[in-house]
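Structure first, then comments.
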Amino acid sequence: MGTSILLDALTLQLGYNAKLVAIGAALLGIAAGASGTFLFLRKRALVSDAISHATLPGVGLAFLVMAAFGGDGRHLVGLLLGAALTAGAGLLAMHWLTRRTRLAEDAAIGAVLSVFFGFGVVLLTVIQTVSVGRPAGLEDFLLGATAGMLYQDAVLITVAGALAVLVVWLLRRPMTMVAFDAGFAAASGVNVRRVDLAMMGLVLAVTIIGLKMVGLVLIVALLIIPPVTARFWTNRSDRVVVIAGVFGGLSGFIGAAISATAPSLPTGPIIVLTAFVLFAVSMLFAPGRGVLAAWMRHRRQQRRIHLRQGLLAIAQDLPIYERYTLQLLVRAGLARADGVPTELGRRRAEKACRDESRWAVARRMHSHESAVSRYDGLLPIENVLTRDEIREIDRQIADAGGECA
């Protein structure tokens, strides 16, 4: 039964509101992952933490203002507007502290985060004790929830998420330049300060959009985990932005679908846990930078080193004591189990020894400095030097009356 419900949620068959929430969460994830990439590349990941925590007093103040004018204080647009105002104030305070005082950026972030969040907690506590409005559900802004989300709330988040994705796409080039190399961007005529402010504004907007769904505590994870995950799959900054958006969208969509099948669980933690699962899978199995790929490269390099050392030992008639080296030689048909080399092994050993002599000569020749710098001790010499260069080296070896180094 549970699997059937989850399948219905993933295929958008669980109801219109659940469909809107899933689409909104996917758009939020795309916007958060793509915009968070610029913070990640700019090495300002914790800025999003300060912004998110600075939204809490805005939620409390907006509730009190709306309740004072006779409403129930829970209108989502008003709450998000209040959150945006205090988040903007927190961002400006952090910017002022880093530029006008001797505080480092991390200290400014810690100060803004703790003061604003503490003020917000005090406001929420006060709201629970006064008889104005309907404060029930305000705590959902901490961890996120969609169970009580109204249709118009879901539409608002969906539209805002789509607009954030559009802004990311429009500003992707200057923000990528600034995030990757601010000096080069400035030399190219890009106004780095304005782009930085646009970047922070975009992160602020994504944070505000995600408050109801993910919560202020966990929106930071949705801004940072997808870019970190994407980094395992590529070395190009432009591709990191796209892949981070994809992983963020998957995290939001799958997390919202799972949350729809278990309304008693907060949405934010489920989305973040989904993002973490994608991160863990990427960390382990990404083909370029994953743990498994790194381990396989290490094993291949280790085998090449052992084979090379074994061949050099054969060339110099030395016994092979390392069991793993002997196993590799036997497996490759280069030696017998008792360590006696085969005919193929002797030919390969002579070639390995001859290449060592060639590299010894090449290191002494000024014209081969660039080629020698690329030699790792294992590459065949034919992969680095031309045939004419090898002939010249062989001629010098013959004139010197040597063959194997």
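Being a predicted model, the structure only gives us computed values, none of them experimental. Hydrogens, waters and symmetry mates play no part in the numbers below; they use all other heavy atoms, side chains included. Note that the numbering runs from 1 along the sequence shown for the chain.
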About how many Å separate [atom2] of [Y] and [atom1] of [X], when rounded to the nearest 0.5 Å?
X	Y	atom1	atom2	value
Asp106	Asp49	CG	CG	12.5 Å
Ile51	Leu223	CD1	CG	8.5 Å
Phe232	Ile243	CZ	CD1	12.5 Å
Phe279	Thr274	CZ	OG1	15.0 Å
Arg231	Leu41	CZ	CG	8.0 Å
Leu273	Ile258	CG	CD1	9.0 Å

[Y] backbone acceptor or donor facing [X] side chain under 3.5 Å:
X	Y	value
Ser52	Val220	no
Thr325	Tyr321	no
Arg297	Gly288	yes
His298	Ala294	no
Arg303	Leu328	no

Output a table of donor-acceptor pairs, distance under 3.5 Å, between side-chain atoms of residues 162-172 and any protein atom two or more places apart or on a different chain; print 'none' if there are none.
from, atom 1, to, atom 2, distance (Å)
Arg172, NH1, Trp169, O, 2.5

More than 12 foreign heavy atoms under 6.0 Å from CZ of Phe276: is that the case here?
->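 It does not: Phe276 CZ has 12 such atoms or fewer within range.
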Might you point out which heavy atoms bring [X] and [Y] nearest each other, and give the distance in Å?
X	Y	result
Leu218	Pro269	CD1-N, 3.4 Å
Ala54	Gly90	CB-CA, 4.3 Å
Pro226	Gly33	CB-CA, 3.9 Å
Pro57	Phe119	CB-CD2, 3.5 Å
Ile224	Pro227	O-CD, 3.0 Å
Ala349	Ala315	O-CB, 3.6 Å

Carboxylate-amine/guanidinium proximity below 4.0 Å for Glu392 and Arg395 =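 The answer is yes: the pair qualifies as a salt bridge.
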Flag the pair Arg308 and Glu356 as a salt bridge only when some basic side-chain nitrogen lies within less than 4.0 angstrom of an acidic carboxylate oxygen.
->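 Yes, Arg308 and Glu356 are salt-bridged.
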Using a 3.5 Å cut-off and no angle test, enumerate the donor-acceptor pairs between side-chain atoms of residues 182-211 and protein atoms at least two apart in sequence or in another chain.
from, atom 1, to, atom 2, distance (Å)
Ser188, OG, Phe184, O, 2.9
Asn191, OD1, Arg193, N, 3.3
Asn191, OD1, Arg194, N, 3.1
Asp196, OD1, Arg42, NE, 3.2
Asp196, OD2, Arg42, NH2, 2.9
Thr207, OG1, Val203, O, 2.7

What do the steps show when you test Ile314 against Leu329 for side chain to side chain contact (heavy atoms under 4.5 Å, CB included), and what is the final call?
-> CA-CA 10 Å; Ile314 291 174; Leu329 291 171; 4.2 Å; yes
Mind checking whether Leu79 and Met66 have side chains closer than 4.5 Å, heavy atoms only?
->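 SC-SC contact between Leu79 and Met66 confirmed.
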List the steps and the verdict of side chain to side chain contact (heavy atoms under 4.5 Å, CB included) for Trp96 and Thr101.
-> CA-CA 8 Å; Trp96 185 87; Thr101 71; 3.9 Å; yes
Audit row: Ile219, Thr55, side chain to side chain contact (heavy atoms under 4.5 Å, CB included) steps and yes/no = CA-CA 11 Å; Ile219 186 63; Thr55 60; over 6 Å; no
In sequence, state the C-alpha distance, the side-chain angles, and the governing distance for Asn235 and Arg289, and then conclude on side chain to side chain contact (heavy atoms under 4.5 Å, CB included).
-> CA-CA 9 Å; Asn235 291 322; Arg289 301 168 60 90; 3.2 Å; yes
Check: residues 244-256 side-chain donor-acceptor pairs under 3.5 Å, at least two apart:
from, atom 1, to, atom 2, distance (Å)
Ser251, OG, Phe247, O, 2.8

